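Before any comments, here is the structure.
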Amino acid sequence: MRYFIGNWKMFGIPKSINILNKINYFYSKDKNRQKYRVIITPPYTLIETYAKHFKNKRISIGSQNCYQKDQFSSNTAAVSPFMIKKVGAKYTLVGHSDNRSEGDTNEMLKNKVLFSLKNNLKVVFCIGENQTQKKNKKTFSVLKNQLTKVLDKKFNKNNIIVAYEPIWSIGTGKIPTKKELEKTTIYIKQVLTSIFRKKSPAVLYGGSVDSSNVEMFKEIREIDGFLIGGASKSSKKFIDIIKNYYR
Ligand code: PEP
């Protein structure tokens with residue numbers, strides 16, 4: 001199974017659902033549709049209406065983040081995995097670099113994963129090194145640390161997807177070389193296999209994915225799909241990525 005996950009970040013109002021209607025129309029007619037899943041993560045404000053609208057359709061709706069506590073608590077502006085699940089989301093991102101840079105620690109991320117899984121949300125756990133860490137050849141140790149400090153062998157790996165997003169690549173147009181990315185993805189799967197035993201969860205790539213560079217990414221067998229930021233705000237760009245992936 002492949003995944004095409006669109007992360008809208010701080011984008012979208014109710015009528016932006018038109019973008020998803022177009023993507024859903026393509027998806028429901030695509031001859032390759034059994035081979036992949038499309039998940040879109042709009043902001044919190046749109047999850048309920050979008051999830052209702054697409055309830056019996058092909059697209060799934062997810063959240064971009066969640067709070068590190070279950071159910072209800074007295075944390076202003078926080079939204080728990082329980083609340084997200086109750087409005088119809090099926091997935092949540094956890095650990096996006098935007099949120100790590102705003103203070104998410106490994107301990108917080110572990111609780112986010114734990115309570116998301118407890119509430120039957122599938123987790124897309126984001127990891128990635130920054131420019132300096134890459135320059136200092138620390139990529140593998142950073143990734144290993146991010147994975148082993150948060151993912152626990154007791155977690156159900158069938159409900160976890162890992163998204164490798166090098167921070168220097170997000171929104172910059174810069175992407176890793178094929179060889180680099182192949183090596184890194186294999187390494188991530190090795191670490192995941194050692195945490196979970198036997199089979200690794202799916203590993204996606206994210207960072208400036210578009211319809212032209214997806215041709216290179218698709219040659220890397222180990223990559224199970226993509227987390228797409230900028231290009232997911234346009235139905236054409238998003239659909240073209242899927243079309244070119246299966247061409
Ligand atoms: C992201 O923020 O998760 C992302 C991958 O963004 P972009 O595709 O715009 O680089």
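Numbers here simply count residues along the sequence, with the first being 1. No experiment lies behind these values; they were computed from the predicted model shown. Both counts, for ligands and for their atoms, begin at 1 and track the order of listing.
- Of the N or O atoms in Leu227, none lie within a sub-3.5 Å distance of an N or O in ligand 1.
- The pair Glu219-Lys178 meets the salt-bridge criterion, since a charged nitrogen lies less than 4.0 angstrom from a carboxylate oxygen.
- The Gly207 neighbourhood of ligand 1 comprises atoms 5 (C), 10 (O), with distances under 4.0 Å to a heavy atom of that residue.
- Residue Gly230 has at least one heavy-atom neighbour below 4.0 Å for each of these atoms of ligand 1: 7 (P), 8 (O), 9 (O).
- Nearest-heavy-atom check against atom 7 (P) of ligand 1 across Gly128, Ser208, Ser232 picks out Ser208.
- Heavy-atom contacts of Gly171 reach the following atoms of ligand 1: 7 (P), 9 (O), 10 (O) (cutoff under 4.0 Å).
- The closest heavy-atom contact to atom 3 (O) of ligand 1, among the options Gln64, Lys233, Glu165, comes from Glu165.
- For the residue pair Asp30/Tyr36, the side-chain donor-acceptor check at 3.5 Å is satisfied.
- With no hydrogens or angles considered, a side-chain donor-acceptor pair links Tyr164 and Glu129 at under 3.5 Å.
- Tyr25 and Leu20 fall into different hydrophobic clusters, where Ile, Leu, Val, Met, Phe, Trp and Tyr are joined by side-chain heavy atoms under 4.5 Å apart, directly or via other members.
- Side-chain contact annotation: Asn75 with Tyr67, donor-acceptor N/O pair under 3.5 Å present.
- Judged as a side chain to side chain donor-acceptor pair (under 3.5 Å), the pairs with a partner in residues 116-126 (not counting sequence neighbours) are, in order, Asp70-Lys118, Asp70-Asn119, Lys122-Asn159.
- Checked by distance only, ligand 1 and Gly229 come closer than 3.5 Å through their nitrogen or oxygen atoms.
- At a heavy-atom cutoff of 4.0 Å, ligand 1 is contacted by the side chain of Asn7 but not by its backbone.
- Protein heavy atom closest to atom 1 (C) of ligand 1, with residue, atom name and distance, is His96 NE2, 3.3 Å.
- For residues 93-109, every residue pair satisfying the salt bridge (charged side-chain N to carboxylate O under 4.0 Å, His left out) rule, not counting sequence neighbours, is listed here: Asp104-Lys112.
- Of the polar atoms of Lys9, at least one N or O is found under 3.5 Å from an N or O of ligand 1, judged by distance alone.
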